[in-house]
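Below is one structure, written out as C-alpha cells; the observations come after it.
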Amino acid sequence: MKIASWNVNSLNVRLPHLEQWLKDAAPDVVGIQETKLDDARFPDDALAALGYRSVFSGQKTYNGVAILARGQAPADVQVGIPGFEDEQKRVIAATVGDVRIVNLYVVNGQDVGTDKYAYKLRWLAAVRDWLAAERALHPRLVVVGDFNIAPDARDVHDPAVWNEGHILTSTAERDALRALLDLGLHDAFRLHNDEAGVFSWWDYRQAAFRRDLGLRIDLTLVSDALRAEAVASGIDREPRTWERPSDHAPAWVRLGV
DNA sequence: ATGGTGGCATGGCCA
C-alpha cells in the first residue's frame, strides 16, 4: 500500500498535474492539501474516472484538504479537530482498508512571534491531543501532510538561516513536531534515509527550485504498529519540474511489498 | 534589507 501526501496549491490549477502524477506514481492513498476550492467544486468525477474515490473538506481561496483512495471509498470520515473551533479547513481523516489515515495542512505561521505563529502552536497542541486518542483507537495509523516544519538541519538547504529563530524551523515548532512523534509515530523518510538535502518544497521566488534551495516539510508518519511494514519512502521531485508546478513535491511511504 | 513569485474574493492577503 503506497500512501502519499501532496500540497497542490490550488486543485483548480493543478488537476492536470494530479491526474498525470496519479497515473505515473499509482499511489493507493493520497492526502491532498491546499485544494483552495469549495466542496461543490471538488473534481471528484475527474478523479473517479482515474479510479480514485475522494473525501474532502474545502473552502474558497485558502486551505482545503482531501483524501483519495484507489478502488474504494475512504470510510469513517472525520473533518476538523474534534473540540477545536476552526474556520480553516486543514484536517481530514478516514479509514482505508485496515489503515487509519490522517491528512494535515499544518498552519504556516508567517513569522515567529506573530498571531499566526501563536495560532500554529495552539493548533499543533490540539492536533497532538486528538492524535493521542486517534492512535489509541487505531493502532495502524498513518499521518501525512504539509507539516510546515522541517524536522532537523538535514531538512533545510541552509541551516545557518533556517534555525531556532526562523519560521518552519523554530524550536517551539520542532518541539511540537517532536510531541507528535512522541505519541509513537515515525518520520517514514528517516526510517530508510539519513542523507541531508532531500527536499519537498521550494519557494517560487529567487529560482529556488533551480538552485535546489528547499526544505523537507511534507512528511509521512507511521505508527509503531506499522513501522516494520514501512519498506520504502521518498519524495517525487519530477512534478516540481513540470510547467506551472505546485511549489511542493509529493512525499510517499510504501507499506508492505 | 521587506523584496522576490504564485494563487485568488483581482485587492490585498496568504504562502
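Atoms considered below: every heavy atom in the structure, side chains included; atoms not considered: hydrogens, waters and symmetry mates. Throughout, a chain's letter reflects where its sequence line sits, starting with A, and its residues are numbered from 1.
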Given the rule in the side-chain contact (heavy atoms from CB on, under 4.5 Å) test, do A:D212 and A:W202 qualify, once you have shown the distances and angles that lead to the verdict? CA-CA 7 Å; A:D212 202 21; A:W202 300 260; 2.9 Å; yes

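If you take atom C1' in B:dG11 and the same atom in B:dG7, they sit 13 Å apart, rounded to whole Å. Remark: the separation of the C1' atoms in B:dA9 and B:dC13 is 10 Å, to the nearest Å. B:dA15 and B:dG4 have their C1' atoms separated by 13 Å, given to the nearest Å. Taking the P atoms as reference points, B:dC14 lies 16 Å from B:dG3, given to the whole Å. Of the P atoms belonging to B:dT2 and B:dG6, the separation is 23 Å, rounded to the nearest Å.
The hydrophobic cluster containing A:V79 also includes A:M1, A:I3, A:V29, A:V55, A:V65, A:I67, A:V77, A:I92, A:V96, A:V99, A:I101, A:Y105, A:V142, A:V144, A:L191, A:V222, A:L226, A:V253, A:L255, under a criterion of side-chain heavy atoms closer than 4.5 Å among ILVMFWY residues, counted directly or through chains of members.
Considering only residues two or more places apart in sequence or on other chains, A:A153 meets the side chain to side chain contact (heavy atoms under 4.5 Å, CB included) condition with A:P159. Every residue meeting the salt bridge (charged side-chain N to carboxylate O under 4.0 Å, His left out) condition with A:R100, not counting sequence neighbours, appears here in chain and number order: A:E134. By the side chain to side chain contact (heavy atoms under 4.5 Å, CB included) test, A:R53 is found to be paired with A:A73, A:P74, residues two or more places apart in sequence or in another chain being considered.
Taken residue by residue, residues 101-117 of chain A places heavy atoms nearer than 4.0 Å to DNA chain B at A:Y105, A:N108, A:K116. Near-neighbour residues of DNA chain B inside residues 167-180 of chain A, defined by a heavy atom below 4.0 Å, are absent.
Residue pairs meeting the salt bridge (charged side-chain N to carboxylate O under 4.0 Å, His left out) criterion with at least one partner in residues 216-232 of chain A, sequence neighbours excluded, are A:R135-A:D224, A:R140-A:E229, A:D155-A:R216, A:D187-A:R216. Identified under the salt bridge (charged side-chain N to carboxylate O under 4.0 Å, His left out) test for residues 108-123 of chain A, with sequence neighbours left out: A:K120-A:E173. The salt bridge (charged side-chain N to carboxylate O under 4.0 Å, His left out) pairs that include a residue from residues 68-90 of chain A are A:D28-A:R70, where partners are two or more places apart or lie in different chains. Within the structure, every pair that satisfies the side-chain hydrogen bond (donor to acceptor under 3.5 Å, both in side chains) test and touches residues 35-48 of chain A, not counting sequence neighbours, is listed here: A:N9-A:K36. Listed by first and then second residue, the salt bridge (charged side-chain N to carboxylate O under 4.0 Å, His left out) pairs involving residues 3-24 of chain A amount to none (not counting sequence neighbours).
Residue A:T61 is in base contact, counting any heavy-atom pair closer than 4.0 Å across all strands shown. Counting non-hydrogen atoms under 4.0 angstrom, A:R210 reaches nothing in the nucleic acid.
When DNA chain B is scanned in the 5' to 3' direction for atoms under 4.0 Å from non-hydrogen atoms of chain A, the outermost contacting nucleotides are B:dG3 to B:dA15.
Atoms OG and CG, on A:S57 and A:N63 in that order, are 9.5 Å from each other to the nearest 0.5 Å.
In this structure, B:dA9 forms no base pair with any nucleotide, since neither Watson-Crick nor G-U wobble geometry is met with both distances under 3.5 Å.
Comparing A:L11 and A:N148 by the nucleotide of DNA chain B that holds the closest heavy atom to each, the one mapping nearer the 5' end is A:L11. Across the interface with DNA chain B, nearest-nucleotide mapping of A:D203 and A:N63 shows A:D203 to be the residue nearer the 5′ end.
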